Each structure stands twice: as structure tokens, then as C-alpha cells.
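Any value given below was found using the heavy atoms of this structure, including those in side chains, with hydrogens, waters and symmetry copies removed. Just so you know, these numbers come straight off a predicted model, no measurement behind them. By convention in this document, chain letters (A, B, ...) are assigned in the order of the sequence lines, proteins followed by strands, and residues within each chain are numbered from 1.
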Amino acid sequence: MKVRAPRTAAEAEAIQDELRPLLDLTGPGPLRPATVAGVDVAYDGDRLAAAVAVLDGTTLEVVEEVTVTGRTAFGYVPGLLAFRELPALLDALDRLTVVPELVVCDGYGLAHPRRFGLACHLGVLTGLPSIGVGKTAFVGGCAEPGPERGSWTDLTLDGDVVGRVLRTRDGVKPVYVSVGHRVDLDTACRNVLRLTPAYRLPETTRVADRLSRAALAGAG
DNA sequence: GCGACAG
DNA sequence: ATCTTGTCGC
């Protein structure tokens, strides 16, 4: 699998609009996935390192890790993050021995200006069930969820519910969850809660984050 | 027209 | 994303 490389923002947007119809928003998706993959990318100037960490869906123990290093081919443009991170992430996913039952992305999925964020793009290109978990607000409006872990509110955009603002730890800033491909919002949130037994962010993204940084440092 | 804006 | 010290709290 490979991402088409657009030359301009307009081209990138056209690709998103073209792929958007291939999205499978049919649920429920994996409720008790045996394996869950986390993906993340670290940068140092134009160098980058992408990492994929596959965890056991029950014990959350690391089952497999893959990293790839390379150079950025597309700058960061809000709404077009996938074109910056997907090439390397797909390379890493290709080298995986285990086929994860769910992929957790760092960023947004359906909650996107054209309803096709990183999680959707990755899902459509790999065919794998995927969800997006963002750390900060991007698009959509929401009310503040209750202070306890598990409470949430709708993330809405143009009158549509495009995701959820979910509290994963008591009294800690919530995360922004939106579906990517082949998973519904309820299932996405249940998975996120299972992946956050101790910290605000899913263990999958925590491991992938560490991995990508280490790979970047080790690639000198 | 002017800002805001996942990572 | 990344640049960065000390500091409050368990």
C-alpha cells in the first residue's frame, strides 16, 4: 500500500474527497480485539521516524514493534496531516508480522473538515479497522464532559456528531475520539477506555510515541 | 478580510 | 511536532 503524493494542498484535498466514499462506517467493529496497534511519527527537521506498536488487547503487553526512518515529503498543513505521516506509517505497517485487529491513530478521523482525517485515510488504505484519538481540539464544538473517567460529550461539526470528547482519567484533560474505518463511535470509545488503565493517552500511542522518538535518536 | 488550525 | 526549569502532588 502506498499513499498518492500530492504536489499541492488542492491536490491533497481532491484525493481526500475521492477516497472519502470508500470509508466503511459500518459498526460495531472489534469490541474485544486480540491485538491493537498504535502508530506515531517523530520529527527532527526534515528527518522522521514512524513507529507501529502492536499490543495484546487484553494484557496490553507489547507483541510487536516496527520502526522506519525517512524524510518528510509534505509539510504540516492542518487538515492534510495524513499526507505528511502516512507514507512512513504505511511502510512500517507493511513490515508487521501480526495483522492488528484495530489501529489507534494519533489525531482525528471523521472529525475533519472534509470528514477524512488521518485515521480514515489509514483505514481505507490498509483496510484495517481504525480510530483516531486526538490530544487537542481541532474541528468541532463540544461541551465540557464530567470530571470522572468515562464521561463524555458529543463533538459536533455542522450539525453532525463527528466524535466524542472523552475523559479517560479523573480530573484530567479529555481526549478527542473519532472513528476512522470499520468501527462505530461507541466501540471506539470502549476501546480507548480499555487502553487507558493508568494514563490519559492509550497505551498504544504511548508505546508508539516512545518507539518513534528512540528510532529518530538512534538513526542519527 | 482576519484568525484558528490534528501532529 | 518541537523548543524547555522548576514545581506541585501522590
A:Phe83 CZ to B:dG7 P: how many Å, rounded? 18 Å
Provide, to the nearest angstrom, the distance between the CG atom belonging to A:Leu155 and the P atom belonging to B:dC5. 14 Å
What is the nucleic acid contact for A:Leu48, judged by heavy atoms within less than 4.0 Å: base, sugar-phosphate only, or nothing? nothing
Across the strands shown, which category fits A:Tyr43 at heavy-atom distances under 4.0 angstrom: base, sugar-phosphate, nothing? sugar-phosphate
Rounded to whole Å, CG of A:Asp46 lies from P of C:dT2 at a distance of 14 Å
Contact class for A:Gly117 vs. all strands (heavy atom < 4.0 Å): base, sugar-phosphate, or nothing? base
side-chain N/O A:Lys135 vs B:dG7 OP1/OP2, d < 4.0 Å: yes
Determine if A:Tyr76 stacks with B:dG7; use a centre-to-centre distance below 5.5 Å and an interplanar angle below 30° as the criteria. yes
Would you mind classifying the nucleic acid contact of A:Leu80 as base, sugar-phosphate or nothing, using non-hydrogen atoms under 4.0 angstrom? base
According to a hydrophobic-cluster definition based on side-chain heavy atoms being under 4.5 Å apart (Ile, Leu, Val, Met, Phe, Trp, Tyr only), do A:Leu93 and A:Val99 belong together? yes
Any heavy-atom pair between the side chains of A:Thr26 and A:Arg182 that's under 4.5 Å? no
Which whole-number value in Å describes the distance from A:Arg164 CZ to B:dA6 P? 23 Å
Taking only Lys NZ, Arg NE, NH1 and NH2, and the carboxylate oxygens of Asp or Glu, determine whether A:Lys135 and A:Asp106 approach each other closer than 4.0 Å. yes
Value in whole Å for how far the P atom of C:dA1 lies from CG of A:Leu201: 10 Å
Counting only side-chain heavy atoms from C-beta out, which of C:dT2, B:dA6, B:dG7 sits nearest to A:Arg84? B:dG7
Value in whole Å for how far the C1' atom of C:dC10 lies from OH of A:Tyr199: 13 Å
When we call it a touch if two heavy atoms are under 4.0 Å apart, what does A:Gly79 touch: a base, just sugar-phosphate, or nothing? base
Which one, B:dC5, B:dG7, C:dT2, comes nearest to the side chain of A:Ala42? C:dT2
Side chain of A:Arg213: nearest nucleotide among B:dA6, B:dG7, C:dT2? C:dT2
Carboxylate-amine/guanidinium contact A:Glu144 A:Arg167, below 4.0 Å: yes
Between A:Arg213 and A:Asp40, does any side-chain N to carboxylate O distance fall below 4.0 Å? no
Protein-nucleotide distance (A:Asp170, atom CG; C:dC10, atom C1'), rounded to Å: 15 Å
Within the 4.0 Å heavy-atom criterion, would you say A:Ala137 contacts the bases, only the backbone, or no part of the nucleic acid? sugar-phosphate
